[in-house]
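The next block holds one structure in the form of C-alpha cells; read it before the comments.
Sequential numbering from 1 along the given sequence is applied to the chain's residues. For ligands, and for the atoms within them, numbers begin at 1 and follow the listed sequence.
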Amino acid sequence: MNGQRIETVTVVGGGDAGLIAALTLEEVADVDVTVVDDFDEGIPEVGKSTISYIQNTFHNVLGIEKARFISAVKPVWKASVFFTDWCGNGPFHVPFDDLTLPPAEPGRRRFEELYHRYETGNYRTLGVEIAERGVSPFVELRENGFFRSYDHVAYQFSTTRLNEFLRELCRERGIDLVDDEVTEVLTDGGWITRVAGADRAYDADLYLDATGFERLLMRNLDNEFEAFDFPLDSALVAKADLPLSEVVPATVVDSGEFGWFWQIDTWDWRDLGYVYSSEHASREAALAEFVRTREAEIDEAEVVEYRFDSGHYRDAWRGNCLAVGNALGFVEPLQSTALTLNAILTEQLAELIADHHGINHRGLRELYNDYARSKWANVYDFISIHYRYAGGEGAFWDAMRSVNDEERLAKYVDPYRENGFSSHAELDNRHGSNPRIFNQYIFYRLLRSLGVESPFYEGLDFEASPEVVDAVERETERIRSDADRHLSYERVYGSDVFE
Ligand SMILES: Cc1cc2nc3c(=O)[nH]c(=O)nc-3n(C[C@H](O)[C@H](O)[C@H](O)COP(=O)(O)OP(=O)(O)OC[C@H]3O[C@@H](n4cnc5c(N)ncnc54)[C@H](O)[C@@H]3O)c2cc1C
C-alpha cells in the first residue's frame, strides 16, 4: 500500500478540527473528501478561543469572505490573553501585536527601546488598548463609509455557531457529510483495512481520525501516545449572561488553588471555566472554589465538567491514517492553542500532499510527523514556562514548578538571561524554514511578566537616550488616540455594519 495515491479521504468526526481539515484538504490538496459524524450529537462547547493565525486559515487558506464569517459566526475579536493575576504576578497581557512595537529601527535605538521597555514595563500596544477598553478592531472611515480593521487579533465564538457554518461551507464545496456513527475499525500491519458504520463501509485512500478524545481510529494502530507531564486533566464550565456593552475582547485568565480560571466572552454569552488537576482537588473542592471566586453568579447544577489528557501521538500519520485535533493530541487550554495548531498542521499536511502529487510514501509521512512533533514541542514549552516560573502555594503549584525540563527550557531562558530581549531576531531566523508558533521574543516577554529578571539588563549601568524615551512616549500616545476611534461592539453588531 506504500506509494498509493491519495484521491479520496474519509474524515471520521465532524467537530471543528475534522471540518477544518476536510475543507483545507479539499481546497489545497484537491482530493475528494467525505466526513462521517453522528451529526445529531451536539459538539463540545469548548474550543472557543483561538490565536491570531486562525484568520489566515479562514480567510486566506479557505477563502472565506470576512463579512460572511462575521455575520454567521458572530465572533468577538480577541486582542490578548489578559492575565489579571497569575499567582501574584499581574496584571499583564500576552497580546498578538507585541512584535510590532515601533520604532522598527535596527541597531542601537532598537536596543535602547527594548531596554527602556524592560525597565519601565511599558508594553502598551493597540491590542492591549482594545482589550482593556472593550472595543472592536474596527474604525469607521467617515470620508467613504468603509471600515478599517486591525488584524492582529484572533476570534472567540460559540463552537456550535462555528460548526454549523463550517458544515454549510462543506456542503457548498462538494464535501459529502454523512450522518452515521462509526462502529467498526479493522487494521492489518499498521494500515486500516475497514471503517464501517451502522449502514455501510467507508472506503478511502486516507482516513483522518477526528473523533476527539475518543481517538477511535488511531488507538487501533500501534502508535505511542506521548504524555505531557501536566497533572491538569479536568475543567468545570459555566455560562453567564453578557450584554454586548460589557464584552471583554480578550481571554481573561487568573490562577486558582488547583489550576486556573478562564473568562471567554462571545456574542452569545460569557464563558467561565476552571481548569484543574483531579490529582490535587476533588470535583467538590474545585467546584466550591469556582463558585466562590467568580464575580458572576454560578448555578452549580448548570456547571458542565470536561475531562482531557495532555499529550500527543508520536506519529500524527501512520500508514493510511492520520489524526487531527484532539484525536492527535492536546496540551491544555491555557493560551487556547488547540484549534489553531490543528489548522496550521492541516494546512501543512494539505500542502505536502499536493507537493508530493498525492503519493502516500514513507518519506512524506516522516516529513509531516517531524513537523507535527516540532509544533507540539513548541506549544508545550511555551505553556510550561507559565508554570515553571509561577509563584503559587500548595501541592498543585509545587508540582507545576517542576513540569518540563530545565535543560530543555534553557534554549529560551538562557538567551533572555544573557542578552535581554535583543537576541530574538537572530534566533528565530535560524529556524526560518520552520517558524515556531511562539517565537523567542514572546517567551522572553512572558518570562519578564512572570518576574524573571535578565541579569544582563540588571547589570547594565545604562539609560535609554531622551530621543528614544520620547519616541516611545509619542508612540504610546498615538496608540491611545487610535484606540479612541475604535467602534464599540454595540455599534458593530447593533447596526447594519455586517448584515
Ligand atoms: C476544557 C477544554 C477547553 C478547551 N479550550 C479550547 C480553546 O479555548 N481553544 C481551542 O482552540 N481549543 C480548546 N480546546 C480544545 C477543543 O476541544 C478543540 O480545539 C476543538 O473543539 C476541536 O475538537 P475536535 O474536532 O478535535 O473534537 P470534538 O469537538 O470532540 O469532535 C469530535 C467529533 O467526532 C465525532 N465522533 C466521535 N466518535 C465518532 C464515531 N464513532 N462516529 C462518528 N463520529 C464520531 C463526535 O460526534 C464529534 O462531532 C479545549 C478543550 C477542552 C477539553
Side-chain angles (χ1 to χ4, degrees), residues 10-22 34-54 57 76 78 81 154-160 162-164 166-167 177-185 195-199 202 207-220 232-238 250-253 259-266 271-276 303-310 312 323-346 379 383 437:
T10 291
V11 180
V12 182
D16 297 339
L19 295 181
I20 290 175
T34 300
V35 181
V36 187
D37 189 296
D38 41 356
F39 281 108
D40 289 342
E41 297 286 316
I43 62 147
E45 264 294 349
V46 284
K48 295 187 181 66
S49 174
T50 56
I51 51 183
S52 57
Y53 190 87
I54 203 75
T57 302
V76 158
K78 165 189 173 186
V81 181
Y155 291 133
Q156 295 180 170
F157 37 58
S158 141
T159 51
T160 302
L162 177 70
N163 198 270
E164 278 167 8
L166 294 175
R167 286 185 208 178
L177 299 186
V178 182
D179 191 359
D180 194 4
E181 184 186 359
V182 169
T183 48
E184 189 182 7
V185 178
V195 168
D199 303 329
Y202 299 95
Y207 293 96
L208 257 58
D209 185 346
T211 57
F213 293 113
E214 215 177 303
R215 297 172 180 151
L216 185 67
L217 276 62
M218 212 31 121
R219 73 174 138 91
N220 281 290
L232 295 158
D233 60 359
S234 308
L236 300 171
V237 182
T251 294
V252 183
V253 168
W260 61 274
F261 301 97
W262 80 62
Q263 174 191 302
I264 301 175
D265 288 358
T266 68
D271 206 67
L272 300 165
Y274 186 19
V275 180
Y276 71 98
V303 172
V304 181
E305 184 169 32
Y306 291 87
R307 287 294 184 124
F308 59 88
D309 48 15
S310 184
H312 67 96
V324 298
N326 293 339
L328 171 58
F330 186 55
V331 182
E332 65 120 329
L334 191 66
Q335 293 284 356
S336 321
T337 53
L339 198 61
T340 317
L341 172 62
N342 174 69
I344 292 170
L345 289 177
T346 43
V379 171
I383 305 289
I437 296 172

For ligand 1, is there an N or O atom under 3.5 Å from any N or O atom of [X]?
| X | value |
| --- | --- |
| S49 | yes |
| I264 | no |
| D38 | yes |
| E214 | yes |
| T340 | no |

Provide, to 0.1 Å, the distance between [atom] and the closest protein heavy atom, together with that atom's residue and name.
| atom | answer |
| --- | --- |
| atom 39 (C) of ligand 1 | T211 CG2, 4.0 Å |
| atom 5 (N) of ligand 1 | G47 N, 3.5 Å |
| atom 43 (C) of ligand 1 | D180 O, 3.6 Å |
| atom 46 (C) of ligand 1 | D37 OD2, 3.7 Å |
| atom 11 (O) of ligand 1 | L339 N, 2.7 Å |
| atom 16 (C) of ligand 1 | N326 ND2, 3.7 Å |
| atom 51 (C) of ligand 1 | F330 CZ, 3.4 Å |
| atom 27 (O) of ligand 1 | G212 CA, 3.5 Å |

Check whether any side-chain heavy atom of [X] sits under 4.5 Å from a side-chain heavy atom of [Y], and report yes or no.
| X | Y | value |
| --- | --- | --- |
| R167 | L19 | yes |
| D16 | L166 | yes |
| V182 | T211 | no |
| W260 | E332 | yes |
| L177 | D37 | no |
| T340 | T57 | no |

Give a yes/no verdict on whether any heavy atom in [X] is under 4.0 Å from an atom of ligand 1.
| X | result |
| --- | --- |
| D16 | yes |
| F39 | no |
| L328 | no |

Which of the numbered atoms in ligand 1 are below 4.0 angstrom from a heavy atom of [X]?
| X | value |
| --- | --- |
| L216 | 41 (N) |
| G325 | 26 (O) |
| A235 | 1 (C) |
| G15 | 25 (O), 31 (O), 33 (C), 49 (O) |
| A210 | 32 (C), 33 (C), 34 (O) |
| P44 | 29 (O), 30 (O) |
| A17 | 22 (C), 24 (P), 25 (O), 26 (O) |

Under 4.0 Å, heavy-atom basis, I'd like to know which part of I43 is in contact with ligand 1: side chain, backbone, both or neither.
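The answer is the side chain of I43.
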Closer than 3.5 angstrom, by distance alone: can the side chain of D209 be matched with the main-chain N or O of A327 as a donor-acceptor pair?
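Between the backbone of A327 and the side chain of D209 there is no qualifying donor-acceptor contact (under 3.5 Å).
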Counting only N and O atoms by type, is there a donor-acceptor contact under 3.5 Å from the side chain of T10 to the main-chain atoms of Y202?
no
I need the single residue from L232, L341, I383 that forms a side chain to side chain contact (heavy atoms under 4.5 Å, CB included) with V331. Which is it?
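Answer after filtering L232, L341, I383: I383.
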Do D309 and R215 sit within salt-bridge range, that is, some charged N less than 4.0 Å from a carboxylate O?
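Here D309 pairs with R215 in a salt bridge, since their nearest N and O are under 4.0 Å apart.
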Taking only residues two or more places apart in sequence, or in another chain, which ones meet Y207 in a ring pair (Phe, Tyr, Trp, His ring centres under 6.0 Å)?
none
From I344 CD1 over to I20 CD1, what is the distance, rounded to the nearest 0.5 angstrom?
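One gets 11.0 Å once the value is rounded to the nearest 0.5 Å.
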Does the side chain of T266 come under 3.5 Å of the side chain of Q156 through a donor N or O and an acceptor N or O?
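Per modelled atom types, T266 and Q156 side chains form no pair under 3.5 Å.
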Any residue meeting side-chain hydrogen bond (donor to acceptor under 3.5 Å, both in side chains) with N342, in chain and number order, not counting sequence neighbours
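With neighbours one apart ignored, the set is empty.
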Indicate the ring-plane relationship of F308 and F330, choosing parallel, tilted or perpendicular according to the 30° and 60° boundaries.
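Because their plane-to-plane angle is over 60°, the rings of F308 and F330 count as perpendicular.
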Report the member of V195, V182, V46, D40 with the shortest heavy-atom distance to atom 41 (N) of ligand 1.
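Shortest heavy-atom distance from atom 41 (N) of ligand 1: V182.
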